[in-house]
Amino acid sequence: MSTISVIEPATEEVMAEVSEAGAEDVDAAVSRAKAAFPAWRAMGPADRSKLLHALADALTDKHEELSVLEARNAGKPIANARGEIGMVAECFRYYAGGVERLTGKTIPVAGGVDMTFREPMGVIGMITPWNFPLVIASWKVAPALAAANTIVLKPAALTPLTAIELEKIALDAGLPEGVLNVVPGPGSVCGQRLVEHPDVAKIAFTGSTEVGAGIARGAAGTIKRVTLELGGKSANVVFADADIEQAARSAPFAVFDNSGQDCCARSRIMVERPALDDFLAALKETVEAMKVGDPLDETTVMGPLISAGHRETVASFVPDDAPVAIRGSAPGGRGYWFPPTVLSPVSNDDRAAREEIFGPVAAVIPFEGEDEAVRLANDTIYGLSGSIWTRDGAKALRMARAIDTGVLSINSNSSVRVSTPFGGFKQSGMGRELGPDAMEHYTEVKNVYYATEGS
Ligand code: TAP
């Protein structure tokens with residue numbers, strides 16, 4: 001049997017060996033999920049809700065253990081990992097509370113009663129990335145289970161450890177066998193098999209736009225439902241009338257959190273010209289003070305990149321003639337380190353402003369006035385997140401309406417809450433996760449007409 005050697009990016013050492021699933025393991029997992037579906041679907045909503053609450057409790061009990069595992073495997077600061085694992089438990093609790101609120105409608109019609117039901121789809125295939133391994137899995141698993149589906153989850157081969165733990169924790173918490181199945185293996189084998197499998201009703205995918213496009217094509221063969229959470233190249237728009245100090249102190253974390261390996265990274269920092277010098281001065285101070293190093297050190301704010309190959313890709317965005325305005329520190333020696341780097345000034349036509357770098361490299365793009373801000377912010381194939389900084393409330397709302405993006409913050413760089421919808425415009429994806437409506441994306445609407453006055 002082949003195994004996956006799971007690498008710790010901060011040390012380049014193997015931290016675990018995991019059995020590698022192949023296409024036949026995916027088939028077996030789909031069969032288990034299919035067999036478990038009728039009983040899971042028939043379970044009363046209150047009982048299903050109780051099991052999801054039990055799972056949330058169990059995740060809370062294992063919070064520190066899972067946080068350390070995630071921090072080591074994904075190379076993220078322990079404080080961030082704790083926040084993510086906290087959100088995983090919160091997500092299960094939120095959708096546990098939603099089980100009994102998933103309702104249909106009654107619709108006035110002639111001659112009878114018409115009603116709709118939200119029916120579970122059956123077996124859902126899930127494919128997740130390595131940057132936020134367990135938390136992104138939970139955004140899919142929790143609402144899909146709450147809506148009475150069963151699941152086959154393929155985590156990224158680079159970071160499978162917490163998903164494997166989730167399957168065990170779910171079983172220990174009382175979830176029936178076969179309801180949640182984890183298959184760690186390569187995307188080109190296990191992911192592809194899930195996408196093609198005739199017994200899988202839907203694929204919920206998070207990852208790159210390129211792989212997402214292939215998944216949409218593959219799913220077409222069996223008319224599978226698909227939700228796609230893909231890449232981003234979001235704008236952080238700072239007007240000269242904003243609190244420049246606050247915007248500049250916050251901006252680095254909006255790009256360099258998770259070493260820039262964040263689909264929501266506001267990696268195009270657009271600054272109105274009159275504020276540019278003050279902004280860059282405060283940005284420099286903040287970036288140079290960032291502690292990059294051991295993910296398990298409580299004071300670390302940025303860890304390594306995920307792999308040597310990925311570091312090479314990121315480095316290709318900073319050639320020798322790149323306009324490097326600010327460069328933070330990074331440890332030497334073993335580990336896939338890369339310093340937080342700010343390029344300035346950058347044109348929105350430059351490669352660093354057009355492609356998702358997925359690393360700690362930010363591009364500062366000067367602009368003049370509201371119209372140019374809208375034009376530049378929208379001049380991208382992506383539309384996932386973004387921010388607007390200004391003290392003018394009306395301008396903030398005009399901008400918020402004009403920018404084509406799924407998630408936007410005003411005078412803040414926050415993106416994600418369990419209770420609010422998350423997802424992208426344009427090539428950043430299709431569908432929404434989280435928030436009150438996410439369970440509906442794991443259901444089909446059934447319409448039933450009951451004739452009360454003859455047929
Ligand atoms: P990808 O390379 O796209 O991989 C994502 C997942 O797809 C992995 O599990 C991968 O498996 C699998 N996969 C690869 N090829 C496949 C195929 N042919 N068929 C089916 N599955 C396949 O992305 P990544 O590098 O892990 O993650 C980074 C990307 O994800 C970035 O573009 C980022 O913006 C995006 N992202 C988006 C969001 C949201 S919410 N919009 C959140 C996080 C990340 P293996 O890697 O195991 O081979």
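For ligands, and for the atoms within them, numbers begin at 1 and follow the listed sequence. Side chains are part of it too, since the values below use all heavy atoms of this structure and drop only hydrogens, waters and symmetry mates. Nothing here was measured: the structure is a model prediction, and the numbers come from that model.
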Taking atom 23 (O) of ligand 1 as the reference point, the nearest protein heavy atom with its distance
Ser208 N, 3.4 Å

Starting from atom 44 (C) of ligand 1, what is the nearest protein heavy atom, named by residue and atom, and what distance separates them?
Asn131 ND2, 3.2 Å

Protein contact of atom 24 (P) of ligand 1 - nearest heavy atom, named by residue and atom, plus distance
Trp130 NE1, 3.4 Å

If only atom types and distance count, is the side chain of Arg32 paired as donor or acceptor with the main-chain N or O of Asn181 below 3.5 Å?
no

Does Cys190 come within less than 4.0 Å of ligand 1, judged by its heavy atoms?
no

Is the terminal nitrogen or CZ of Lys202 (NZ for Lys, CZ for Arg) located under 6.0 angstrom from the six-membered ring centre of Tyr442 and within 45° of that ring's axis?
yes

At under 4.0 Å between heavy atoms, which part of Phe132 makes contact with ligand 1: side chain, backbone, both or neither?
neither

Given the side-chain rings of Phe358 and Trp130, with only the six-membered ring counted for Trp, is the space between their centroids under 6.0 Å?
yes

Is there a nitrogen or oxygen of Leu230 sitting under 3.5 Å from a nitrogen or oxygen of ligand 1?
yes

Has the side chain of Ser409 got a donor or acceptor atom that lies under 3.5 Å from a matching backbone atom of Ser414?
yes

Polar atom proximity, Trp139 to ligand 1 (N or O, under 3.5 Å):
no

So is Glu356 polar-close to ligand 1, meaning N/O to N/O under 3.5 Å?
yes

Taking distance alone, with N or O pairs closer than 3.5 Å, would you say Gly207 contacts ligand 1?
yes

Say whether, by atom type as modelled, one donor and one acceptor occur between the side chain of Lys76 and the main chain of Met302 under 3.5 angstrom.
no

Thr209-ligand 1 polar pair, N/O distance under 3.5 Å
no

Provide the number and element of each atom of ligand 1 under 4.0 Å from a heavy atom of Gly185.
47 (O)

Is there a polar contact, in the sense of an N or O pair closer than 3.5 Å, between Thr206 and ligand 1?
no

So for Phe358, does at least one of its heavy atoms come nearer than 4.0 angstrom to any atom of ligand 1?
yes

Which residues share a ring pair (Phe, Tyr, Trp, His ring centres under 6.0 Å) with Phe239, sequence neighbours left out
Phe367

For ligand 1, which atoms sit closer than 4.0 Å to a heavy atom of Ile136?
42 (C), 43 (C)

Establish, from distance only, whether the side-chain atoms of Thr3 and Glu17 form a donor-acceptor pair under 3.5 Å.
yes

Ranked by distance from atom 11 (O) of ligand 1, the top protein heavy atom is Lys154 NZ, 3.1 Å

Under 4.0 angstrom from atom 4 (O) of ligand 1, is there any protein heavy atom?
no

Could you check atom 42 (C) of ligand 1 against the protein and tell me its nearest heavy-atom contact, residue, atom and distance included?
Cys263 SG, 2.9 Å

Sub-3.5 Å donor-acceptor pair from the side chain of Arg266 to the main-chain atoms of Gly386, do we have one?
yes

In this structure, which one of Glu70, Lys62, Glu84 forms a side chain to side chain donor-acceptor pair (under 3.5 Å) with Thr162?
Glu70

Is it true that a side-chain atom of Arg432 and a backbone atom of Ala438 form a donor plus acceptor pair closer than 3.5 Å?
no

In sequence, state the C-alpha distance, the side-chain angles, and the governing distance for Lys140 and Met126, and then conclude on side-chain contact (heavy atoms from CB on, under 4.5 Å).
CA-CA 7 Å; Lys140 302 175 194 318; Met126 301 180 174; 3.5 Å; yes

Check this for me - ligand 1, Leu384, N or O atoms closer than 3.5 angstrom, yes or no?
no

Looking only at protein heavy atoms, which one is nearest to atom 40 (S) of ligand 1, and how far off is it?
Phe422 CE2, 3.2 Å

Quick check against the 3.5 Å criterion: does Thr159 have a side-chain atom that pairs as donor or acceptor with the backbone of Ala74?
no

Checking the N or O distance criterion of under 3.5 Å, is ligand 1 in contact with Ala157?
yes

Closest protein heavy atom (residue, atom, distance) for atom 27 (O) of ligand 1
Pro129 CB, 3.5 Å

Could you find the nearest protein heavy atom to atom 48 (O) of ligand 1 and give me its residue, atom name and distance?
Gly187 N, 2.8 Å

Tell me, please, which residues at least two apart from Phe37 pass ring pair (Phe, Tyr, Trp, His ring centres under 6.0 Å).
none

